[in-house]
Amino acid sequence: MPTFTRRRVMRGCVAAIAAAATAAAAAPAAKARAHSVRSGPDGHGKGRLPHQGEQCEGPAPFDELYRGRRIQGIPGASGHHHEDPGYLVLVDGTELHVMQNADGTWVSIVDHYELFAGPRAAARSAVDNLAGADLTPQA
């Protein structure tokens with residue numbers, strides 16, 4: 001039977017505290033991730049994340065007037081990556097850079113730390129955050 005020394009007891013306590021601190025730090029991040037993508041009633045707002053293994057076609061093209069701004073989405077028209085044709089989003093004719101993450105969510109250059117279900121939701125959020133300001137073309 002092993003003998004308990006102060007050193008062994010302290011190692012056990014430090015390991016337990018480190019495990020508890022890691023779990024406590026990871027819990028809010030996981031909760032925030034789960035709530036960062038919400039579904040809209042018409043499917044155009046923030047939507048659910050695709051389930052793992054679920055086949056997902058690319059986003060459909062769109063062209064609409066949102067809060068007085070014309071937003072357009074054109075699949076396969078972005079020239080940023082040679083391997084992936086991407087998705088072109090325009091706000092009043094100026095390109096809004098959007099990017100699809102590995103988990104199927106989307107981000108834009110305006111809302112880079114907020115996740116969206118698709119490029120339409122990213123474009124609408126960018127219009128909301130621009131609050132009437134013009135989108136500056138990216139160099």
Heavy-atom pair of closest approach, residues Ala126 and Asp111: N-OD2, 3.5 Å
Minimal non-hydrogen separation, Trp106 against Pro119, with atom names: CE2-CD, 3.7 Å
Side chain to side chain donor-acceptor pair (under 3.5 Å) partners of Asp128, counting only residues at least two apart: Tyr66, Arg67
Atom pair OG1 (Thr3) and CZ (Arg8), whose distance is rounded to the nearest 0.5 Å: 5.5 Å
Separation of Ile74 CD1 from Asp63 CG (nearest 0.5 Å): 8.0 Å
Val107 side chain reached by Leu115 side chain, heavy atoms, under 4.5 Å: yes
Residue pair Phe62 / Ile71, side-chain heavy-atom distance below 4.5 Å: yes
Side chain to side chain, Val91 and Val127, heavy atoms closer than 4.5 Å: yes
Minimum-distance pair of heavy atoms, taken over all atoms of Thr136 and Thr94: C-CG2, 4.3 Å
Test item: Glu95 and Leu88 side chains (from C-beta on) under 4.5 Å apart, heavy atoms: yes
Exam field: side chain Asp92 to backbone Arg70, donor-acceptor pair closer than 3.5 Å: yes
Approximate separation, where rounding is to 0.5 Å, of Ser108 OG and Asn129 CG: 8.0 Å
Minimum-distance pair of heavy atoms, taken over all atoms of Pro59 and Tyr87: O-CE1, 3.5 Å
Of Arg69, Arg124, Gln72, the residue whose pairing with Glu64 passes side-chain contact (heavy atoms from CB on, under 4.5 Å): Arg124
Ala123 to Val89 - nearest heavy-atom pair and separation: CB-CG1, 3.7 Å
Validation row: Leu135, Val110 side chains within 4.5 angstrom (heavy atoms): yes
